[in-house]
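In what follows, chains are A, B, ... by sequence order, proteins preceding strands, each numbered from 1.
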Amino acid sequence: MNSINFDVHPPHLSPEYKSTIFRSPTKPLMIVREHLQDLRMPVFGESVLGKFDNDLTKNARVNGEPIGERIKVAGRVMDDTGRPLSNVLVEIWQANSAGRYIHKAEIHDAPLDPNFLGSGRVLTDSEGRYAFYTIKPGAYPWGNHYNAWRPNHIHFSVLGHQFDQRLVTQMYFPGDPLFAYDPIFQSTPVHARELLIARFSMDWTEPEFALAYEFNIVLNGRYQTPFE
Amino acid sequence: MERLRQTPSQTVGPFFAYSLTAVQYGYAYDSIANHTLIGPDTPGERIFITGRILDGQGNPVPDAIIEIWQADSEGNYRTAPISAADHDSHEFIGFGRLGTGTQPGAVFRFDTIKPGRVRSGRVRSGRVRSGSVTPGAAPHINITLFMRGSLRALYTRLYFADEAAANEQDSLLAMIPTDRRTTLIATAVQSAAGPGYHLDIHLQGDQETVFFDL
Ligand SMILES: [Fe+2]
């Protein structure tokens with residue numbers, strides 16, 4: 001018999017990731033499904049999108065192109081029954097190719113790129129598809145432990161249709177040697193880690209332009225109303 | 001029915017501000033929502049909501065992102081798609097988002113209206129059924145938190161101290177042991193800026209806030 005483990009999310013407390021120690025609830029969570037099962041989320045439209053919000057290689061240009069390896073990141077957003085979710089707001093942010101975030105609190109000694117911000121957003125289309133062009137982010141050090149480095153990643157914030165379809169996650173790149181040393185990636189149950197890793201796609205790679213990565217996003221579908 | 005495994009949650013990390021709350025933090029990028037949910041013509045009682053997120057050592061968390069989602073003054077959640085005209089006319093949507101990194105003491109502050117008692121089965125032009133989100137629920141605001149050191153979203157709710165009778169009848173509050181109910185109830189505050197409510201969210205400790213598992 002095939003048994004699939006659907007318990008994919010990291011625990012709130014994951015002591016190897018030190019910041020969780022004083023920021024994770026210690027008491028059992030209240031199960032309140034029946035109270036929130038019909039609660040929908042706001043439906044954002046094109047009005048929240050800027051002209052180049054899906055193209056991070058263009059949306060912050062000042063005097064040239066951003067430095068680094070141009071890539072395409074695309075995929076579908078669906079619920080866990082496989083149903084594509086249209087009009088889902090997907091927001092991303094990332095470090096530049098040198099591993100530097102533009103965030104003011106970031107102190108890593110790597111160069112900023114005057115032509116790269118690292119923020120993007122899109123809405124999924126009628127088949128749940130989204131696509132971004134961006135620059136492949138670099139790895140960067142952090143203070144969790146001695147010689148701690150984050151694997152290359154893009155942060156994702158996904159706002160689905162229902163209240164429990166709100167996901168914040170990170171997309172990683174295939175074969176990263178830092179996976180084994182990263183307590184954030186490692187906080188994820190072993191069987192589910194592969195779900196965080198984009199797949200290299202030769203099919204979507206654009207000749208003479210950009211390598212492509214496919215990252216599909218599956219949201220909770222437990223409360224999907226059958227009639228709509 | 002065949003099911004797919006969900007995409008696992010990961011922490012929002014410390015560096016979300018230039019994307020998710022760019023305007024608030026002064027980055028050259030738009031924001032889909034901010035701390036102000038109201039426009040000049042929004043019907044309802046204008047209130048502010050303040051609070052802090054406190055970690056297990058009692059320190060305010062200065063790098064959290066907090067989202068609120070609430071009904072309008074009549075108890076209806078907005079379900080119609082949001083258009084450019086809604087932005088232009090400051091139509092009340094009921095969704096707010098801010099980071100805790102721009103105010104002294106890591107305080108958050110939303111300007112909104114007091115939500116009505118949630119209705120159900122009600123049809124209004126431009127809006128479909130508000131959803132049976134606990135019909136008759138006491139006025140409340142849904143809260144979702146993300147922060148560095150948190151690997152998953154934290155869900156809770158804010159209720160109002162001056163709605164004692166409605167709170168008594170609220171079926172979600174009724175599920176919570178009496179001694180922990182107070183962690184969801186914002187206290188009324190009077191200030192020069194008008195009526196407001198304050199709620200500190202405790203991640204741990206004696207006053208640990210009740211968080212929800214959806
Ligand atoms: Fe990061």
Side-chain angles (χ1 to χ4, degrees), chain A residues 4 6 8-12 14 17 19-20 22-27 29-33 35-36 38-45 47-48 50 78 80-82 89 91-93 101-103 105-106 117-119 155 157 163-164 166-170 184 187-188 192 195-196 217-220, chain B residues 1-20 22 27-30 32 55-57 61 69 77-84 87 93-95 131-134 142 144 146-154 171-172 175-176 203-204 208 210-214:
Chain A
I4 299 173
F6 290 104
V8 296
H9 299 296
H12 289 276
S14 187
Y17 174 22
S19 304
T20 65
F22 292 115
R23 291 184 168 195
S24 51
T26 63
K27 297 187 162 64
L29 304 190
M30 297 282 308
I31 296 169
V32 297
R33 272 164 211 157
H35 294 273
L36 291 160
D38 282 343
L39 181 56
R40 305 184 128 234
M41 286 298 267
V43 184
F44 290 96
S47 58
V48 297
M78 57 201 118
D80 60 16
T81 68
L89 182 68
E91 298 169 274
I92 64 170
W93 65 102
Y101 283 94
I102 206 164
H103 192 287
E106 161 69 303
L117 176 68
S119 304
H155 293 267
S157 163
F163 189 63
D164 65 338
R166 182 78 184 88
L167 177 71
V168 168
T169 189
Q170 301 181 27
I184 294 178
S187 69
T188 315
L195 303 170
L196 294 169
I217 297 167
V218 179
L219 303 179
N220 199 343
Chain B
M1 179 172 33
E2 194 186 342
R3 277 178 66 201
L4 303 170
R5 286 178 298 168
Q6 291 173 37
T7 304
S9 175
Q10 297 275 271
T11 182
V12 76
F15 301 135
F16 59 81
Y18 63 91
S19 181
L20 300 182
Y27 293 99
Y29 190 63
D30 289 338
I32 60 151
D55 72 13
Q57 297 178 302
V61 173
W69 176 223
Y77 279 93
R78 163 83 182 212
T79 55
I82 301 160
S83 68
H87 294 294
I93 305 297
F95 184 79
S132 53
V133 186
T134 328
N142 298 292
T144 308
F146 303 96
M147 71 196 93
R148 177 177 66 82
S150 183
L151 288 159
R152 321 165 59 144
L154 290 172
S171 53
L172 186 150
M175 292 171 61
I176 299 173
L203 299 173
Q204 298 180 349
E208 183 172 322
V210 172
F211 296 104
F212 302 150
D213 181 359
L214 305 185

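The candidate from A/I92, A/V48, A/L117 with the greatest count of non-hydrogen atom pairs under 4.5 Å with chain B is A/L117. Highest contact tally toward chain A, considering only B/H87, B/R148, B/M147, B/M175, is held by B/R148 [criterion: heavy-atom pairs under 4.5 Å]. Ranking A/P42, A/S19, A/G118 against chain B, the residue ahead of the rest is A/P42, based on heavy-atom pairs under 4.5 Å. Per-residue counts of heavy-atom pairs under 4.5 Å with chain B were compared for A/V168, A/L167, A/T20; the largest is that of A/V168.
A side-chain donor-acceptor contact under 3.5 Å links A/R166 and A/S157.
Using a 4.5 Å cut-off between heavy atoms, B/I32 touches chain A through backbone and side chain atoms alike. At a 4.5 Å heavy-atom cutoff, the contact between B/S83 and chain A is made by backbone atoms alone. In this structure, chain A has a heavy atom under 4.5 Å from the backbone of B/A28, while its side chain stays farther away. Heavy-atom distances place the side chain of B/V210, and not its backbone, under 4.5 Å from chain A. With a 4.5 angstrom heavy-atom cutoff, A/M78 touches chain B only via side-chain atoms. At a 4.5 Å heavy-atom cutoff, the contact between A/S24 and chain B is made by backbone and side-chain atoms alike.
Checked against the 6.0 Å centroid criterion, the rings of B/Y77 and B/W69 qualify as a close aromatic pair. Aromatic rings of A/F44 and B/F95 (six-membered ring for Trp) have centroids within the 6.0 Å cut-off, being under it.
Here A/P25 pairs with A/H12, A/L29, B/L154, B/E208, B/F211 under the side chain to side chain contact (heavy atoms under 4.5 Å, CB included) rule; sequence neighbours left out. For A/T188, the side-chain hydrogen bond (donor to acceptor under 3.5 Å, both in side chains) criterion is met by B/Q10, not counting sequence neighbours.
Counting heavy atoms from C-beta on, the side chains of B/F16 and B/F146 never come closer than 4.5 Å. Between A/M30 and B/D213 the shortest side-chain heavy-atom distance does not fall below 4.5 Å.
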